[in-house]
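Structure first, commentary second.
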Amino acid sequence: MTTLPMGNAALDRELEPHERYVPGHHWRNAQDEMEAAKLGMWLFLATEILLFAGFFCAYTVFRYWYPDNWHAASRHYLNWKIGAANTVVLLLSSFTIVLAIRGAQTNRKGMMLVNLFITELCAAFFLIVKLGWEYAPKWQKGELPGANFTYGGHTVEAGEAAAHGGLIDSIFHVDHGSYVTNAYDHIFLSIYWISTATHGFHVLVGMIVIGWAMWLASRGHYGPRHYTSLENVGLYWHIVDIIWIFLFPLLYLV
Amino acid sequence: MSGHHDVSYLAPKDTFWKSVWAWVYTLDHKRIGVMYLAATLLAFFLGGVFAIVLRTELWEPTRTVITDAGQTQTTGQVLFGWKENGQQVTANNAYNRAFTLHGTIMVFLFIIPAVPAALGNIFLPIMLGAKDVAFPRVNLFSWYIYVFGSIFAIWSIIHGGVETGWTFYTPYSSSTNWGGVTSMVLGAFILGFSSIFTGINFIATVHKLRVPGMGWFDMPLFVWAVYATAIMQVLATPVLGITLAMLVFERTLHIGIFDPALGGDPVLFQHFFWFYSHPAVYIMIVPGMGIISELIAVNCRKRIFGYRAIAFSSIAIAAISFLVWAHHMLTSQTAALNAIFSALTFLVAIPTAIKVFNWVATMYKASISLNTGMLYAMAFLFCFTIGGLTGPPLATLATDIHLHDTYFVVAHFHYVMMGGTVLAFLGGLHHWWPKFTGRMYNENLARLGCILVFIGFNLTFFIQFFLGTQGMPRRYATYVDEFEWMHKISTTGSYVLASGLLLHLMVFIQSLMGGAQAPKNPWGGLTFEWETDSPPIEHNFPHEPVITHGPYDYDTEYPPHCDPRDYPLPDQAKVAALAHH
Amino acid sequence: MPTPGAHHGPASMPLTLALDWWDKLWFNGHVDSSTFSASSDGVFFYIFWTSTAFFVLLMALMFWWAWKYRRIPGVAPEASVSHNTILELTWSIIPTILFAIMFIWGLVAYLPMKIAPADSEVISVTAKKWAWSIVYDNGASPLQTEKLADMDGPVFALPVDRPTKFIMSSQDVIHSMYLPAFRAKRDVFPNFYTGQWVQPTKISHRWNETEKVWEPVNPLDKGYYLTCAEYCGDQHSQMMGRIMVLAEPDYQLWKSQQADTGGIPLTELGEKLHKSKGCVACHSVDGSSGTGPSWKGIWGQSRKFKDGGSAVADENYIRESMLEPGKHIVDGYSNQMPTFQGQVTDREILAVATYIKTLSDNEADKEAAKAAAAEELKQKTEAKP
Ligand code: HEA
Ligand code: HEA
Ligand code: CUA
Ligand SMILES: [Cu+2]
């Protein structure tokens, strides 16, 4: 069944898995199979973007209503330098994963593995920075989403907003030294937490699938004739990256 | 290589456990489809039981079936679980849980997966001449996700139930401390993934697995419909996913995005919810419409009228359906938004209208066989048209203000969902039953079932239009006396309806136990599924089929395996004359 | 005399009977009962008759053809076309035009519903689980109640031929104020005010001076409903009220009657408030527990709280329960009760407390409550010159 070009004397070694690759039984040829897999991946990525679009909508609505609050909260709670560092790292990783695919296309296993490894390192760096320098201090200071927000001893209680004359126009402003909490800080932080945590989860999943791709690569499953799943992992990783490119300015730089 | 592949896909393996394993870990789209069918029919039954409970409760204006302790006397605690979190079980609560569970089960567990994931899975690849769907593993995975999500949903029933309505509006849903809400919402969230994966799979299958030579306009209309549905599933479901996820966070972490007590915005939730759930109603109906196209073409033995118009209208519905969501919120938003969404809603009605006209036109000068499938197609045309025609009064601004959240809406959506999709589903089930089970069923009893369902259905829901215009709000456990006679009619109808469905169930069981062996092509269809065995072999066809004609070329083709005496060719001279036009 | 339901002329004529039946079937007889009814029903019947025409046409063809072209073995079908551009265009364009008319007509009829006339009388409405509280510009809120769909709802009045505007807000979840007879509906939200206005056009009740009661103009017609159209939990279906539409002098009379609660003894007032303020939705007076604890026998008892504390149920405790219900949660219940801050006067709070005292299991308390109520009324009347 293998359709490697025959009549080649160099073939006295055992074929690598990617050279022996046969498409699934229901496919007419490998080309169709590969295109279908990519189409499927693109569709899946479309759903991912739509998923995050939900956060962006929520973000936009509240920002539209409380632009000043949003601005102040972004300045006060988020450090754009950390965000920028993470952005650079992710961009780098997007580049290295392209190199890894290039490695597969040109049948250079070493290039593939090294670049996948750098990608993993970047992802790990991203998560460590996120957890260690952003989440952990926020957790300690009480800069938590919604009703868990206890910044400087100030708690948001359910009903607090409504209690002020039934309307939320007149909401608490509490002075904490240099920073005055605004009425909707806790919602800004909610959106921050759930969108970055969802993104972080995607990074984690990315690390797992990249690890899986590394394992397959080391076993010789990728080569010029067949590297579909590696390419799909790459596509996925780009989307994770692009979503961050949107999250970063919206949250850190407004 | 092949050999053992030439047996029926249903054939058991050597040992019992191997057979079980062959189902549990099957990659065959037909088996997965059958598993979906079993699961969704179970869900339909469960949802139907809740429907009967709530209809029975509405027999009288005040509480009757449901006791003061909030349990139902007929079904007891089993259906409704025990009280939760020390929450007082109050009087109307059992009713509220009944309609919520009825709605959520019917929508998320039954009607959304029923046609595409069950019938679509079995027949889409065969109709394309393919051996399987593009990603068989993903297909099986979707089924397991479906089961996993359903377990969450069922868990919430056992765990006290849900009483928010299937729309989960905040802040009610984020503040009620009734037991099962979080679990039900998580269940719906998980079910969404199943739907997304099925959709992706079908799109890739249609793009990449048509037999060579089959162009887009050689595809059967059922395939077009499932394809349009898949697009909507892929594009709409993620938004539901994120909405429900945020609702879960709202309940567990109190993030305050939807909860006004924390400064959030409940109307935002409604936007999010309907951005999915409006396309969802077309996710429910479009595959049903695909079935109707098949039923009518095959049983009329006629080329379907306006093939392209029907195909394109499916895509048009899919596209426009994303622009109309806020017509569910005409009493909760500003006049300007209302005007925009009202106008857009009428747009989506036009492609539907086109389809209805085309179906009826196909019957002109046809050769109509009134078997169960065709009876269901006609019942569909009757009921769905009523359901569709009651859409415009809801889309019209002045009238929706009056009709919103009344029984008029309840009647509207049962006429399109039960009278549309479910009737189409039942018709398709009878149409394809011989193919995927290999057994014939008792035609006359099935016809009787269809007539009972038709009468019962109209008896149940027609009167509800008047209940609605008279001002009876929906989700009411008790009501004022003047509505009593109408509710009595409705409840009576629901019993007739249930008896019709039970009759169908019995006919099917009888068919499985002792039905005659089905021929390859009992109704004389021209699409690929009628060329394979009944039931089909493991990889659908012994050889890749060759496409020689369009799916509905009855004027020029014998359906394969059909007796020519039963199927007279049209006058060749006339056909030739026509070809010159 | 314009009575709701019978407006087509002498009831004996068959045509009149048929028309009345028709109105009853569609709108429970409430046609032309507000300025919106006429405009909204106009569009409605336009849609209805257009749809009926299409439906009858389609079904006639379907059944006729199903019979005419039924399959007879051995008989070949006639050849026919499967595509006809002109026909297909026709049946796309005609509905499009008809839809466009629906939209425009609907919009034209709808816009006035959104713009309240400047001279509207403003009534403030607060929705909460599961009662409407309605306060008029003179501070009156309705005391009379009527049993509707298994619960007591307020009976309140609107003036005829004059616009009234409701300014509405909710204390907990979303509700929706629905006046079916007037074709009016608007959701009521916890975080912002919404408004809606109506102008009823038919008098439903009048004051009977001899019997001292409000009686329906047409004995068969008890007036109009107010219902809650957005699902709001357990007793959503009982969140109802009844509206009387009154002639102008009657309306003023009614308002002053409702505002003047001074002459009602506290015990009686408390009993009325229990129903009209909606406490009855959660609190029974017969010992059966609902969303909230029954009021029977709680007076003077030590009430146990969820957090372990307790307090004796006296006037102060009841005041606190009404104004700050979240402060102490009675054991076995959850924090469901809305606050009545700003919606009750001191005398009304006292009235509730006195009424609860009459529900005590202790005979002495009952007597004391009655005596206190009589004493209070006496002082009041003496204080007045
Ligand atoms: C299968 C599902 C399905 C389908 C197909 C439809 C189809 C339509 N629906 Fe429906 N709808 C629901 C399921 C569906 N709906 C559900 C579940 C709800 C309630 C959800 C909830 O609140 O719980 C709902 C609620 C709903 C509302 C909100 C009501 C409210 O809560 O206030 C509106 C408002 O615009 C609406 C409009 C329409 C329209 C215009 C169509 C159109 O697509 C119909 C088009 C079809 C025709 C018009 C008939 C055929 C045409 C002709 C024969 C041509 C000639 C006709 C004329 C010229 C009039 N629907
Ligand atoms: C697919 C969707 C679907 C279907 C099919 C149905 C079917 C039915 N519905 Fe459903 N209904 C909804 C979706 C659906 N409903 C939704 C979304 C709501 C809104 C919920 C909310 O407000 O939140 C609703 C609400 C709703 C209400 C309004 C409740 C209220 O607002 O207070 C009522 C009242 O009459 C009702 C009645 C019925 C009845 C009698 C049926 C009958 O048609 C049921 C008949 C079925 C059976 C009796 C089961 C028998 C089955 C078998 C025997 C197995 C068959 C097996 C084979 C054929 C093989 N439904
Ligand atoms: Cu208040 Cu429903
Ligand atoms: Cu809709």
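Letters A, B, ... mirror the listed sequences (proteins, then strands); counts begin at 1. Please read all numbers here as calculations on a predicted model, not as lab measurements.
Near-neighbour residues of residues 348-355 of chain B relative to chain C, defined by a heavy atom under 4.5 Å from a heavy atom of that chain, comprise B/Ala349, B/Ile350, B/Ile354.
Using cut-offs of 30° and 60° for the angle between ring planes, the B/His402 and C/Tyr178 rings count as tilted.
B/Thr331 is not listed as a side-chain neighbour of C/Met177, based on a closest heavy-atom distance of 4.5 Å or more. Under the 4.5 Å side-chain criterion, counting only non-hydrogen atoms from C-beta, B/Tyr476 is in contact with C/Cys228. In this structure the side chain of B/Lys365 reaches within 4.5 angstrom of the side chain of C/Tyr69, judged on heavy atoms.
Under the side-chain hydrogen bond (donor to acceptor under 3.5 Å, both in side chains) criterion, no residue pair touches residues 45-55 of chain C, with sequence neighbours excluded. The side-chain hydrogen bond (donor to acceptor under 3.5 Å, both in side chains) pairs that include a residue from residues 97-106 of chain C number zero, where partners must be two or more places apart or lie in different chains.
Checking B/Thr478 against C/Ser237 by side-chain atom types alone, a donor-acceptor pair falls below 3.5 Å. Side-chain contact check for B/Ser367 and C/Arg71: at least one donor-acceptor pair (N or O, by modelled atom type) lies under 3.5 Å. Side-chain contact check for B/Glu482 and C/Tyr225: at least one donor-acceptor pair (N or O, by modelled atom type) lies under 3.5 Å.
Only the backbone of B/Asn299 has a heavy atom closer than 4.5 Å to any heavy atom of chain C. Of the two parts of B/Leu347, neither the backbone nor the side chain holds a non-hydrogen atom closer than 4.5 Å to a non-hydrogen atom of chain C. With a 4.5 Å cut-off on non-hydrogen atoms, B/Arg308 does not touch chain C at all.
If you look at B/Tyr307 and C/His83, their ring centroids are not closer than 6.0 Å. Separation of the C/Trp91 and B/Phe305 ring centroids falls under the 6.0 Å cut-off. Taking the six-membered ring where the residue is Trp, the centroids of B/Tyr169 and C/Tyr231 are separated by 6.0 Å or more.
Between the C/Gln238 side chain and the B/Tyr479 main chain, no donor and acceptor come within less than 3.5 Å of each other.
B/Thr469 pairs by the side-chain hydrogen bond (donor to acceptor under 3.5 Å, both in side chains) definition with nothing, not counting sequence neighbours.
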